[in-house]
Amino acid sequence: MATNTDVMDKLVSLCKRRGYVFQTSEIYGGTGSVWDYGPLGVELQRNVKEAWWRAMVVARDDIEGLDAAILMNPKVWEASGHVAGFSDPLVECGNCHRRFRADSGEIAKGQCPVCGAKDRLSEPRMFNLMFKTHMGAVEDAAAVVYLRPETAQGSYVNFLNVMNAARQRVPFGVAQIGKAFRNEITPGNFIFRTREFEQMEMQFFVEPGTDDEWFEYWRSQRMEWIAGLGITPSRLRFHEHAADELAHYAKRAFDIQYEFPFGWQEFEGIHNRTDFDLKRHQEYSGKKLEYVDPVDRNKRLVPYVVETAVGVGRTMLVALADAYREEDVEGETRVVLSLHPKLAPVKAAVLPLVNKEGMPERARRIHEALRSAGLHSFFDDGGSIGRRYRRQDEAGTPWAITVDGQTMTDETVTVRDRDSLRQERIGSDHVLSFIRERMS
Ligand code: ATP
């Protein structure tokens with residue numbers, strides 16, 4: 001019986017072997033919990049972002065896109081409360097000098113979880129999670145800037161810019177995909193908690209009083225979105241924040257959790273942030289961030305914000321963990337990533353059965369036709385057909401198109417389905433429409 005640690009170990013090693021995820025600067029021994037995405041990883045990442053952008057921006061009239069900068073005026077982080085309060089309690093072991101989150105549960109009974117020393121842990125002190133750097137040539141306190149720990153603030157400070165430029169009216173939203181940085185005390189679980197990561201965040205500006213309704217709406221929309229990517233419904237659930245879990249800005253918050261091999265954990269948050277952020281930015285900047293009703297000009301309001309915030313890497317880990325399967329096929333273990341075709345990095349592999357009788361050339365033509373139609377296809381003529389199928393199963397490629405002897409006489413190919421292993425023959429000029437139909 002494979003344990004859950006085994007499953008994570010296997011997933012991590014598959015990710016490296018197939019080019020999904022590499023440890024960053026690996027030849028130098030890596031660096032604290034930062035990862036690089038390889039050829040397949042970058043495609044999965046793009047597909048996750050594309051699915052989000054389509055659902056949140058392209059399919060709707062009431063959400064606009066934005067790409068704000070990572071480096072912002074440091075006042076932003078004073079106004080948002082991050083300078084004063086974006087901290088975790090940290091304890092240090094007096095013996096091995098390792099640091100842990102005091103609220104993580106791993107330091108129970110005053111014992112260091114790494115070296116085992118008893119009663120050597122320091123009192124908790126607050127540790128700010130923002131990365132600091134300096135802007136310009138002078139490295140003094142006046143030049144301190146932060147790497148943003150969330151994209152949301154870029155949407156708040158641009159609230160009026162976006163609304164006016166796009167001629168939007170409340171209710172409307174601003175969507176962003178971008179990098180964020182947090183100097184996490186205890187990162188880990190592969191790409192689950194990293195110090196550099198990407199977020200997909202949407203801030204929906206609404207009239208106060210309608211916020212509860214919009215909150216419910218976005219909560220169900222976001223659950224629908226993740227379920228639409230084929231994630232096992234029984235491994236998804238909501239977790240409502242109790243009063244003592246709520247962030248300083250939040251009136252109400254739900255996490256969407258996934259049952260990872262290491263337990264139920266959040267991968268998306270839906271937050272009712274009230275008018276906290278906009279009001280604070282008004283206060284700190286001295287600029288009005290109000291919505292003026294276009295019909296009744298006397299009606300002015302500072303909108304409430306319903307936020308949906310999800311990590312790209314965490315969503316990738318949800319997809320990968322959910323897709324990973326080991327099956328017994330005729331006495332052999334088959335490892336397969338059953339990724340939703342929308343997410344699969346490569347949609348089809350085109351394989352000549354043998355490397356002769358014109359098969360490679362014929363297969364290459366099909367492969368090139370798929371590529372020029374915009375479908376990511378992979379040509380592979382190396383090794384036995386069984387081994388080539390296995391490689392594609394591990395990579396998560398939904399369909400394998402095989403050119404064989406019969407192709408050369410009647411222009412048909414076999415299509416092998418990654419999940420059911422069923423094979424069917426179709427005309428070689430139908431391959432593109434076959435895949436397109438199933439993708440939609
Ligand atoms: P956590 O409690 O796990 O630290 P959070 O509640 O602080 O997360 P938010 O600030 O709501 O998270 O961020 C929204 C989303 O961004 C999270 O649900 C997660 O998907 C992603 N995220 C946050 N921190 C990290 C991180 N260190 N590494 C990877 N993804 C992250």
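In listed order, ligands and their atoms are each counted from 1. We number each residue from 1, following the sequence as shown.
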- Item | Shortest heavy-atom approach to atom 30 (N) of ligand 1 - which of F86, F197, W35 |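 Result: the heavy atom closest to atom 30 (N) of ligand 1 is in F197.
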Subset of ligand 1 atoms that lie under 4.0 Å from at least one heavy atom of [X]:
| X | value |
| --- | --- |
| G311 | 15 (C), 16 (O), 19 (C), 20 (O), 21 (C) |
| H271 | 11 (O) |
| F192 | 28 (N), 29 (C), 30 (N) |
| Q199 | 13 (O), 14 (C), 16 (O) |
| E266 | 2 (O), 6 (O), 8 (O), 11 (O), 12 (O), 17 (C), 18 (O) |
| E184 | 24 (N), 26 (C), 27 (N) |

- Message: Can you tell me how the ring of F434 sits relative to the ring of W399, calling it parallel under 30°, perpendicular over 60° and tilted otherwise?
- Response: perpendicular
- Could you grab the distance from atom OH of Y291 to atom CZ of R169, nearest 0.5 Å is fine?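 The distance works out to 6.0 Å.
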- Message: Among E198, Q176, E201, which residue satisfies the side chain to side chain donor-acceptor pair (under 3.5 Å) criterion with T151?
- Response: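 Among the candidates, only E201 passes.
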- Task: Using the six-membered ring of Y258, assess whether NZ or CZ of R235 lies under 6.0 Å from its centre and within 45 degrees of the ring axis.
- Result: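 Judged by the rule, R235 and Y258 form no cation-pi pair.
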- Task: Identify whether NZ of Lys or CZ of Arg in R219 sits under 6.0 Å from the centre of the six-membered ring of F238 and within 45° of that ring's axis.
- Result: yes
[atom]: the protein heavy-atom neighbour that sits closest, reported with distance to 0.1 Å:
| atom | value |
| --- | --- |
| atom 4 (O) of ligand 1 | R193 NH1, 2.7 Å |
| atom 28 (N) of ligand 1 | T194 N, 3.0 Å |
| atom 7 (O) of ligand 1 | R182 NH1, 3.0 Å |

- Under 4.0 angstrom from ligand 1, any heavy atom of E150?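 It does not, in that no heavy atom of E150 comes within the 4.0 Å cut-off of ligand 1.
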- Would you please test R391 and Y389 for side-chain contact (heavy atoms from CB on, under 4.5 Å) and show each step? CA-CA 5 Å; R391 281 203 289 265; Y389 284 151; over 6 Å; no
- Does a side chain donor of either Y156 or R273 reach within less than 3.5 Å of an acceptor in the other side chain?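 Checked: Y156/R273 side chains pair up, N/O donor to acceptor below 3.5 Å.
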- Item | Between R195 and S33, a side-chain donor and acceptor under 3.5 Å |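 Checked: R195/S33 side chains show no N/O donor-acceptor pair below 3.5 Å.
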- Task: Indicate yes or no: does an N/O atom of R101 lie under 3.5 Å from an N/O atom of ligand 1?
- Result: no
- Message: Counting only nitrogen or oxygen atoms and a 3.5 angstrom limit, does F267 reach ligand 1?
- Response: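 For ligand 1, there is an N or O atom that lies under 3.5 Å from one belonging to F267.
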- Using 4.0 Å as the upper bound for N to carboxylate O, is an ion pair formed by E207 and K299?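 Between E207 and K299 there is a salt bridge, with a charged N closer than 4.0 Å to a carboxylate O.
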